[in-house]
Number of protein chains: 2
Amino acid sequence: MSAAPVPARRARRHDPGRRDRLVATTLDVIAEQGVAAATHRAIARAADVPLGSLTYHFDSLTELLAAAFTRHVDTVAERFDERMRAAPDRTAALGALVEHLTGDLLGSHRDLVLAVELYVAAARNPALRAVTQEWMSRSRRSLERHLDPGTAREVDALVEGLVLHSALSTDPMDADQIRSALLRLAG
Amino acid sequence: MSAAPVPARRARRHDPGRRDRLVATTLDVIAEQGVAAATHRAIARAADVPLGSLTYHFDSLTELLAAAFTRHVDTVAERFDERMRAAPDRTAALGALVEHLTGDLLGSHRDLVLAVELYVAAARNPALRAVTQEWMSRSRRSLERHLDPGTAREVDALVEGLVLHSALSTDPMDADQIRSALLRLAG
DNA sequence: GCCTGATGTGTACGGTTGTTCCTATGAGCA
DNA sequence: TGCTCATAGGAACAACCGTACACATCAGGC
């Protein structure tokens, strides 16, 4: 009779697409708590999956982080290229750039934080450096739809600086200041 | 006869100023390996002191990091204010600013890395945020010796962005580009 | 309907971390 | 000279980490 103390194993859950969901959850954890806090256990808890599930789907934590950042870069880079493709001329492109900065990026604290976490993690992690390289080269290519390579390079650098400043500064510039700075530089 | 296996305790070393040396060593470790790697043990090894010595001199690791970053900020902020004090007029001040950026900061990879490690650590650590606040307000005050508050603010933001970009980008701007960008903005 | 391999689950292991604590020492003062 | 307390030294603790692994389950091809 005595019910043997059954280990109460959680019912197995059929969960196709769990791999994708793990990538998404990883981005959430990074955005909310930083790369340093993005441990296997923290991600597993956030995604409500057992610990072992992470190493089943991803060979290592680094690989998971790389997959997550790659997805984020894909999203942002694609959105930016759309804006550049839609701009008919150089002036419109600069306007779209300002819009991208003040609207897309600065409007979303999440995207901002993710960008910085990536930059910094990449500074010490070769696997992530490849992701930032790819990002930079994509956005450079988008800019070159309308700007000569030299200017594209300068603008790209300024944008990167502005993004970092906006994310980290305790007292970031507002949209108007950014607009005026950008136009003074490349207008 | 049998020599009792004496624990071979290291000779006690009289070491006045060890506290200061620990702060300096902490900065070295951060510069070389990043905040994430700046553990009690790593610092103790680098300073060649026993582990317990760290928590004797500093109540916690965070307190040690804050002490280290505070020292670094003092050094850099003082050097910058000297340059601003020495400049006779606005034009000279802008020149000195460019010199500070391209010479002092970008010339020293160490200072650059320390600045970024501080920015990023501060983003998630309130104790360090106070240090960055102090830094920003000091450099703002130095700039206001020659610039109106509005421009000082903009320049400060751009400088911060440039520093971050220089440290993190895989393809940083060179001194000439920075000079031209700065002068276009505030010249 | 059965088999099987892909997927899900729980646990364990060795290593590292921040911090605590007890003991030892000797510089400086009474 | 002798005392004492700030400092030095070493070991231990519990918590957490990435990763490996053994086992359970079940969807999908036969």
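Values in this document were obtained by computation on a predicted structure and should not be read as measured data. Chain identifiers are assigned alphabetically (A, B, ...) following the order of the sequence lines, protein sequences preceding nucleic acid strands; residue numbering begins at 1 within each chain.
A:E78 pairs by the salt bridge (Lys or Arg N to Asp or Glu O under 4.0 Å) definition with A:R85, not counting sequence neighbours. Under the salt bridge (Lys or Arg N to Asp or Glu O under 4.0 Å) criterion, B:R41 pairs with no residue at all, not counting sequence neighbours. Checked against side-chain contact (heavy atoms from CB on, under 4.5 Å), A:V163 has the following partners two or more places apart in sequence or in another chain: A:L101, A:L105, A:L112, A:A115, A:V159. Residues satisfying the ring-ring contact (aromatic ring centres under 6.0 Å, His included) criterion with B:H100, sequence neighbours excluded, are B:F80. Checked against side-chain contact (heavy atoms from CB on, under 4.5 Å), B:R179 has the following partners two or more places apart in sequence or in another chain: B:V98, B:D176, B:L183.
For the OP1/OP2 pair of D:dA6 and a distance below 4.0 Å, the side-chain nitrogens and oxygens of B:H57 include no atom meeting the criterion. A sub-4.0 Å separation between OP1 or OP2 of C:dT9 and a side-chain N or O of A:R13 is present.
In this structure, NE2 of B:H14 is placed 15 Å from P of D:dA6, rounded to the nearest angstrom. A:F58 has its CZ atom 18 Å from the C1' atom of D:dA20, to the nearest Å. The distance from atom CG of A:L64 to atom P of D:dT19 is 10 Å, rounded to the nearest whole Å. In this structure, A:Q33 places its CD atom 14 Å from P of D:dC16, rounding to the nearest Å. In this structure, the CG atom of B:L54 is 15 Å from the P atom of D:dT7, given to the nearest Å.
Checking side-chain atoms of A:E63 against main-chain N and O of A:F58 turns up no donor-acceptor pair under 3.5 Å.
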- prompt: Just by protein heavy atoms under 4.0 Å, how would nucleotides 15-21 of chain C read 5' to 3' in B, S and -?
  reply: --BBBB-

Please list every donor-acceptor pair under 3.5 Å in which a side-chain atom of residues 69-77 of chain B meets a protein atom from a residue at least two apart or in another chain.
{"residue": "B:T70", "atom": "OG1", "partner": "B:A66", "partner atom": "O", "Å": "2.7"}
{"residue": "B:R71", "atom": "NH1", "partner": "B:D20", "partner atom": "O", "Å": "3.4"}
{"residue": "B:R71", "atom": "NH2", "partner": "B:D20", "partner atom": "OD1", "Å": "3.3"}
{"residue": "B:D74", "atom": "OD1", "partner": "B:R138", "partner atom": "NH1", "Å": "2.8"}
{"residue": "B:T75", "atom": "OG1", "partner": "B:R71", "partner atom": "O", "Å": "3.0"}

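For the contact set between residues 17-29 of chain A and DNA chain C, defined by any heavy atom under 4.0 Å, the members are A:R18.
Residue pairs meeting the side chain to side chain donor-acceptor pair (under 3.5 Å) criterion with at least one member in residues 26-37 of chain B, sequence neighbours excluded, are B:D28-B:R110.
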